[in-house]
Amino acid sequence: MEEKKSTKVICFTNNKGGSGKSTSCANLGYELAAAGKKVLLVDGDMQLNLSLSFFDEERVLEIAGSGKTLYDAVRTRADLTDYIMETPYENLDLIPSSTLMSQIEYELFSMMQREYILKKCLKKVRESGVYDYILMDAPPTLGTWVVNVLCASDWVVIPVEASPWGLFGLANMFDFLGTMEDVTDARVMGVLITKVDERKNYYRQTREILDGYENIRVFDTFIHVDSSIEWAQDASKPVGVYKKSTRSAGEYRKLAKEVEDYGSR
């Protein structure tokens, strides 16, 4: 009998939009899968960007209206096993999102133990041992739904854009995570610096500020600005599929190795 995997659940969150959150979740997921790990991606954002990373807009909108999305499962407190779909890539599956996720806060409001609904929906999938990693993309908010995502997670990755506004609100993010210590065991795996342009000083400034936070790890790997990422998104493909030789594809491969090494501690 095949031994069950010890599934690690990692969420990507930042209360500021444009941080590279969905992009990093999608590309890390692909690179982990390409390295032979079995990965499930969970699109928890009404913007559908994680789903759009693997399927074109027409297909994503078709799926969003199918009644087999994360929103439909959470609303009915259903086991997520039946909501998993295959992506075009080996070892990589997806639970798609819906534009109706904009209503999820309202749906959760009247539920008992509402902070743990997603955790309960994910329980059988996680305990099945099918997946090495479950990666979840959270929306850029700090509401009840993000609390759900955190309560279902072991680890948190916080992507931060290397720009003048990239760190805006990060202190609020850390404060928010601090208030969650009584309801979730999720801990910050690291801050991932994205959209780095080394012709400017923003990476150095961002790194110096982050190093000033106590007990906050910053990933050694960082992600450069790369037009191939945008072209890959336009083609609904991971950058490692669109152009394997590009710098950002190599950086996401390095990030996958760093995540694997950290998770094996």
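No hydrogens, no waters, no symmetry mates; every other heavy atom, side chains included, goes into these values.
Other residues, nucleotides and ligands place no more than 12 heavy atoms under 6.0 Å from the NZ atom of K243. Crowding of Y131 atom OH: a count of heavy atoms from other residues, nucleotides or ligands under 6.0 Å exceeding 12. Enclosure of atom CZ in F168 is not indicated, since only 12 or fewer non-hydrogen atoms of other residues, nucleotides or ligands lie within 6.0 angstrom. Within a 6.0 Å sphere centred on CD of E90, other residues, nucleotides and ligands contribute 12 heavy atoms or fewer.
Listed for the W145 side chain is a donor-acceptor partner under 3.5 Å among the backbone atoms of G44. Using modelled atom types, one side-chain atom of E251 and one backbone atom of H224 make a donor-acceptor pair closer than 3.5 Å. D226 contributes a side-chain N or O that, together with a main-chain N or O of S248, makes up a donor-acceptor pair within less than 3.5 Å. The main-chain N or O of G20 is never found under 3.5 Å from a side-chain atom of T23 such that the two would form a donor-acceptor pair. Counting only distance, with no hydrogens or angles, the side chain of E115 and the backbone of C151 share no donor-acceptor pair below 3.5 Å. Within the 3.5 Å criterion, the main-chain N or O of L52 finds a donor-acceptor partner in the side chain of S236. At distances below 3.5 Å, at least one donor-acceptor pair connects side-chain atoms of K21 with backbone N or O atoms of A138. When atom types are taken as modelled, the side chain of T184 and the backbone of E181 share no donor-acceptor pair closer than 3.5 angstrom.
Listed by first then second residue, pairs satisfying side chain to side chain donor-acceptor pair (under 3.5 Å) with a partner in residues 44-58 read D43-S51, D45-Q47, not counting sequence neighbours.
By the 4.0 Å N-to-carboxylate-O rule, D79 lies too far from K123 to be salt-bridged with it.
Put simply, the side chain of F12 does not reach to within 4.5 Å of the side chain of S22, judged on heavy atoms. Side-chain contact between F174 and I216 is present, with heavy atoms from C-beta onward closer than 4.5 Å. Under the 4.5 Å side-chain criterion, counting only non-hydrogen atoms from C-beta, M189 is in contact with F219.
Atom OH of residue Y30 and atom CG of residue L135 lie 15.0 Å apart, to the nearest 0.5 angstrom.
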Using the side-chain contact (heavy atoms from CB on, under 4.5 Å) rule, take L70 and L80 through it: C-alpha gap first, then chi angles, then the decisive distance, then the call.
CA-CA 8 Å; L70 181 64; L80 280 167; 3.8 Å; yes

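For the residue pair E107 and Y71, a side-chain donor N or O sits within less than 3.5 Å of a side-chain acceptor on the partner. Checking S24 against Y252 by side-chain atom types alone, a donor-acceptor pair falls below 3.5 Å. No side-chain donor-acceptor contact under 3.5 Å links D197 and Y203.
Checked against D154 for a side chain to side chain donor-acceptor pair (under 3.5 Å), the options K8, R126, R187 give a single hit: R126.
With Y83 as the aromatic partner, K68 meets the cation-pi criteria of under 6.0 angstrom to the ring centre and within 45 degrees of the ring axis.
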